[in-house]
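Every number for a ligand or one of its atoms is a count from 1 in the order of the listing. Numbering of residues begins at 1 and proceeds along the displayed sequence.
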Amino acid sequence: MRDAHRLAVLHGTSFHRGWSDNEFEQLLEERDTLTHRLRVARDIIGFIISRVAADEAEILSVAIDSAWRGKGLSRNLLRIHLGHLAGRGVRTVFLEVEENNVAAVRLYRGSGFRVVGRREQYYRDPNGEHLNALVMQRDLS
Ligand SMILES: CC(C)(COP(=O)(O)OP(=O)(O)OC[C@H]1O[C@@H](n2cnc3c(N)ncnc32)[C@H](O)[C@@H]1OP(=O)(O)O)[C@@H](O)C(=O)NCCC(=O)NCCS
């Protein structure tokens, strides 16, 4: 599936641990996931993907192509995505974000998410350093 490959490339250039084409293919096919792609002409330059369980959802990943960052595109993409989640009956959305990821934390805070937990040494960067995760939540109802 071409989209799965493009999403895997975008993800791989945005995160230390990439997800394979196969992992994306499976995610796109699963009925409990919701994906939005951001397109410019025919190219996908960003995506957001969540998993829905009853009235809760978890944002699994968000990425914007590095050439298109800092233009407010992720904020719009997230707003549209949250609207669709609400339309599917989701009332609470969770996510985990590395606490030093300034752009992502600003994106989420500015979109109404608040910190509800902190996971010590949750991620490991390529140098082996342990990084903390913030757990964030937003109520949609
Ligand atoms: C996080 C990411 C999706 C943000 O996408 P974006 O389209 O560039 O973000 P926006 O332009 O919509 O900006 C969102 C907020 O982050 C801020 N921001 C954007 N880039 C920033 C940077 N490099 N440093 C500091 N703040 C930054 C913006 O000012 C804005 O905050 P504000 O509204 O309070 O001013 C993008 O940087 C990305 O793909 N990063 C790699 C993947 C990633 O970390 N995903 C999130 C993992 S949970």
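Residue V102 has no nitrogen or oxygen atom sitting less than 3.5 Å from a nitrogen or oxygen atom of ligand 1, judged on distance alone. In terms of polar-atom proximity, defined here as any N/O pair under 3.5 Å, R106 does make such a contact with ligand 1. Not one N or O of V97 is nearer than 3.5 Å to an N or O of ligand 1, by distance alone. Close N/O approach between S14 and ligand 1 is not found [any backbone or side-chain N/O within under 3.5 Å]. Remark: ligand 1 and F15 share no N or O pair separated by less than 3.5 Å (distance only, no angle test).
The aromatic rings of W19 and H11 sit parallel, their planes meeting at an angle under 30°, below the 60° perpendicular limit.
Of all atoms in ligand 1, numbered sequentially from 1 with element shown, those under 4.0 Å from a heavy atom of G70 are 6 (P), 8 (O), 11 (O). The distance from ligand 1 to the heavy atoms of L73 drops below 4.0 Å at these ligand atoms: 7 (O), 12 (O). Within ligand 1, the atoms closer than 4.0 Å to a non-hydrogen atom of Y108 are 46 (C), 48 (S), numbered from 1 in the order shown. Each of the following atoms of ligand 1 lies closer than 4.0 Å to a heavy atom of K71: 11 (O). Close approach of ligand 1 to A104 is summarised as follows: ligand atoms under 4.0 Å from at least one heavy atom of the residue are 1 (C), 46 (C).
We find the CG-CG distance between L73 and L78 to be 12.5 Å, quoted to the nearest 0.5 Å. For the atom pair CD1 (I64) and CD1 (I48), the distance works out to 8.5 Å, reported to the nearest 0.5 Å.
Judged by distance alone, the side chain of D139 and the main-chain N or O of T92 form no donor-acceptor pair under 3.5 Å. With hydrogens and angles ignored, the 3.5 Å screen pairs no side-chain donor or acceptor of E58 with any backbone N or O of L60. Side-chain atoms of N127 do not come within 3.5 Å of backbone N or O of E129 as any donor-acceptor pair. Judged purely by atom type and a 3.5 angstrom limit, R37 has no side-chain atom pairing as donor or acceptor with the backbone of I44. In terms of modelled atom types and a separation under 3.5 Å, the side chain of Q26 and the main chain of E23 share no donor-acceptor contact.
With hydrogens left out, the protein atom closest to atom 44 (O) of ligand 1 is N101 ND2, 2.7 Å, a heavy atom. Of the protein's heavy atoms, V62 O, 2.8 Å lies nearest to atom 45 (N) of ligand 1. The protein heavy atom nearest to atom 39 (O) of ligand 1 is I64 N, 2.8 Å.
Atom 6 (P) of ligand 1 is approached by the protein to below 4.0 angstrom, counting heavy atoms only. In this structure, atom 2 (C) of ligand 1 is not in close contact with the protein, since no protein heavy atom lies within 4.0 Å of it.
There is no side-chain donor-acceptor pair under 3.5 Å between S50 and R88.
Proximity of N76 to ligand 1, defined as any heavy-atom pair under 4.0 Å, is not found for any part of the residue.
Checked against T35 for a side chain to side chain contact (heavy atoms under 4.5 Å, CB included), the options D3, L27, I49 give a single hit: I49.
Proximity of G72 to ligand 1 is established by a heavy-atom distance of less than 4.0 Å.
Of the candidates R75, R69, H11, it is R69 that places a heavy atom closest to atom 40 (N) of ligand 1. Relative to atom 14 (C) of ligand 1, the option among L95, D65, L107 with the closest non-hydrogen atom is L107. When S74, A103, G46 are ranked by how near their heavy atoms come to atom 9 (O) of ligand 1, first place goes to S74.
Annotation: R75, atom CZ; neighbour count of heavy atoms from other residues, nucleotides and ligands within 6.0 Å is above 12.
Connection of V90 to L77 is established within a shared hydrophobic cluster, with ILVMFWY side chains joined at heavy-atom distances below 4.5 Å, either directly or through further cluster members.
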